[in-house]
Amino acid sequence: MSVLRVGNASGFYGDRFDAMREMLTGGPLDVLTGDYLAELTMLILGRDRLKDPGAGYARTFLRQLEECLGLARERGVRIVTNAGGLNPAGLADAVRVLADRLGIPVRVAHVEGDDLTAAHPGALAAHAYLGGFGIAECLRAGADVVVTGRVTDAALVTGPAAAHFGWGPTEYDRLAGAVVAGHVLECGAQATGGNYSFFQDGDVRRPGFPLAELHADGTSVVTKHDGTGGFVDVGTVTAQLLYETHGARYAGPDVTARLDTVRLSQDGPDRVRVEGVRGEAPPPTLKVGLNRLGGFRNEVAFVLTGLDVEAKAALVRGQLEPVLGRVADVRWDLARTDRPDAATEETASALLRLVVRDADQQVVGRALSGAAVELALAGYPGFHVLAPPGKGAPYGVFDALHVPRNTVAHVAVRHDGRRVPVPDVQDTAVLRAVPEPPLPRPLPPGPVRRAPLGLVAGARSGDKGGDANVGVWARTDDAWRWLAHELTADRFRELIPEARDLPVVRHPLPNLRALNFVVEGILGEGVAAQARFDPQAKALGEWLRARHLDIPEALL
């Protein structure tokens, strides 16, 4: 059958507004997807729904569609999006109203069944991650627009691929190939040079959005529209493949994709071929993302300038100690951004950050803000803060749990209103770690030089609940021979002191010349709890690349 060209126009709620128009006008497409959901987004939408039961979906999508629905119709491009969030039926209705107002005949379908909030008292939102076969059912029935709630990000690609090529639920290798393509596309411009360690390899001032040319055998080519910014090469695709993954088995509701089987090759300018992907039966459970309100938080950043920074920090802590004794969770962090004999006041200053959390808003609100402000004329010399503390804001907590598949009713609601139950898979396999793969021969001994890891390796990091992953890859075979033996889990802990007392699991992926590290618990209760300076671990990989090791001179 013909090649299926699937593009992406959104990697998160708040991504580039014009991307939908750019993708529709930039070149040929069959399907345009948009990923609007993340762990934090579900919490935001949950709070929206508290204020308005009719809310709970990504309103940005509707505004984009107002400009682009006619374009999509003219060009025969179907749109598949998870912008439905907590209310896919509500967004589907809103799209119909929009289409009627614009006078554009459009068949709109949606997928539901992911909402398990009623079964989890106290949760703001609890949603199972569904697969792509509900989307496929809607498309096979003739839908032009398919709206979903919480499906896996890759399902936005596996659904259209299964519909187009007629794949069944046991065609694991083909489905796994589509999962890998979907995982590369899901974060938009991260596949085309955005957030890329070696960004100076091309012009990434305004990277275009990616698309994948999928084939019936599950292979694909990742590319972008001609003339758009950024670039696509083996490195940009490798970086995105490692993003927010754990081990070699990448589990989903439709299939478990074996990331250790992926083979990448440059197939021309801005074209990367993805092949060799093997798939296995999916797990017997479905992942559920559970968001709840954890309490209230407040923070203040004290600016400490000039001499005696440590003593000034100690004075602030001592002055606020009586007030903080009532607070459940208190965290102080001193960032020594100051330099001796600095040429500017800013570079002569350090930041002392205080973050407090408690179930009682009053404890972290006025009581704290008042005590901090009262130090303005009674504190350390040069006292000031980056911004006055507020009254305390609610924060969220994300938990991941797993439920038996038969407790989740996956339903495709066709454009004609017919509700079609989506059959569950017949075969499942318990997820187990793969055996440790053989590593390449070490480099022969030779002279070394103390230098940053990033001179020979790229990295990309991200969050999964309270855990973080850091994918590290080498650009050459010789660099991989060194990296595979040098960057052990213990060495990782040495380089990242925050991880020294935490479980760190290393997963080698030789086909990608990569190592994937999972750091358990480094993000506390997840991004919404904002437990650390970089709450989503977005820059953890770049910090690792900046650390110095003894690197063979032959690699430098």
Side-chain angles (χ1 to χ4, degrees), residues 1-2 4-10 19-21 23-25 28-37 54 56-115 130-151 155-167 178 182 211 214 409-423:
M1 296 178 72
S2 61
L4 179 70
R5 291 174 62 89
V6 180
N8 171 283
S10 176
M20 185 179 290
R21 175 176 291 276
M23 289 301 290
L24 288 170
T25 59
L29 276 182
D30 299 304
V31 177
L32 183 59
T33 67
D35 179 11
Y36 292 78
L37 301 185
Y57 55 78
R59 298 181 185 276
T60 303
F61 171 75
L62 268 182
R63 297 201 302 272
Q64 291 173 301
L65 206 60
E66 185 165 9
E67 294 185 3
C68 298
L69 188 59
L71 269 175
R73 178 72 178 174
E74 289 171 13
R75 294 165 188 252
V77 178
R78 294 165 131 182
I79 294 175
V80 178
T81 179
N82 61 16
L86 313 188
N87 187 6
L91 179 56
D93 285 340
V95 172
R96 294 184 186 100
V97 170
L98 173 66
D100 287 345
R101 177 164 60 83
L102 298 176
I104 300 171
V106 173
R107 294 166 293 191
V108 183
H110 73 275
V111 176
E112 59 185 44
D114 59 302
D115 192 347
L130 302 179
F133 279 96
I135 296 170
E137 172 63 32
C138 293
L139 292 172
R140 287 174 181 144
D144 302 303
V145 177
V146 181
V147 173
T148 79
R150 179 74 279 188
V151 296
L156 301 177
V157 173
T158 60
H164 182 77
F165 296 116
W167 295 340
L211 63 93
L214 284 100
H410 189 175
V411 178
V413 184
R414 293 178 174 179
H415 65 275
D416 59 6
R418 182 182 170 193
R419 301 175 61 83
V420 180
V422 179

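Along the sequence shown, the residues carry numbers beginning at 1. What you are looking at is a predicted structure, and each value in this text was computed from that prediction instead of being measured.
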Student check: side-chain heavy atoms of [X] and [Y] closer than 4.5 Å:
X      : Y      : answer
Arg21  : Leu71  : yes
Leu62  : Tyr57  : yes
Val108 : His415 : no
Arg75  : Leu29  : no
Arg78  : Pro160 : no
Asp35  : Asn82  : yes
Leu139 : Val31  : no

What are the two closest heavy atoms between [X] and [Y], and how far apart are they?
X      : Y      : result
Ala161 : Ala178 : CB-CB, 4.2 Å
Leu91  : Gly84  : CD2-N, 3.5 Å
Val151 : Gly131 : CG1-O, 4.0 Å
Gly159 : Ala136 : O-CB, 3.4 Å
Asp114 : Gly85  : OD2-O, 4.3 Å
Leu69  : Ala99  : CD2-CB, 3.8 Å

* Asked: Just by distance, do the side chain of Ser10 and the backbone of Tyr36 share a donor-acceptor pair under 3.5 Å?
  -> no

* Gly7 backbone acceptor or donor facing Thr33 side chain under 3.5 Å ->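 Indeed, once roles are kept as given, a pair shorter than 3.5 Å links the two residues.
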
* Among Asp30, Thr158, Val6, find the one that has a side-chain contact (heavy atoms from CB on, under 4.5 Å) with Leu214. =>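 Only match with Leu214 under side-chain contact (heavy atoms from CB on, under 4.5 Å): Val6.
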
Nearest-0.5 Å distance that lies between atom [atom1] in [X] and atom [atom2] in [Y]:
X      : Y      : atom1 : atom2 : value
Leu32  : Met23  : CG    : CE    : 6.0 Å
Cys68  : Glu74  : SG    : CD    : 11.0 Å
His110 : Asn87  : NE2   : CG    : 8.5 Å
Leu98  : Arg63  : CG    : CZ    : 12.5 Å
His410 : Glu112 : NE2   : CD    : 10.0 Å

* Evaluate the side chain to side chain contact (heavy atoms under 4.5 Å, CB included) criterion for residues Leu65 and Ile79: first the C-alpha distance (whole Å), next the side-chain angles of each, then the deciding distance (0.1 Å), finally the verdict. => CA-CA 10 Å; Leu65 206 60; Ile79 294 175; 3.6 Å; yes

* Asked: Between Asp144 and Arg107, is there a salt bridge with N-O shorter than 4.0 Å?
  ->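 Yes.
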
* May I ask you to establish whether Arg59 and Phe61 are in a cation-pi arrangement, using a distance under 6.0 Å from NZ or CZ to the six-membered ring centre and at most 45° from the ring axis? => no

* Checking side chain to side chain contact (heavy atoms under 4.5 Å, CB included) for the pair Asp115/Leu86: CA distance, chi angles, key distance, verdict? -> CA-CA 7 Å; Asp115 192 347; Leu86 313 188; 5.6 Å; no

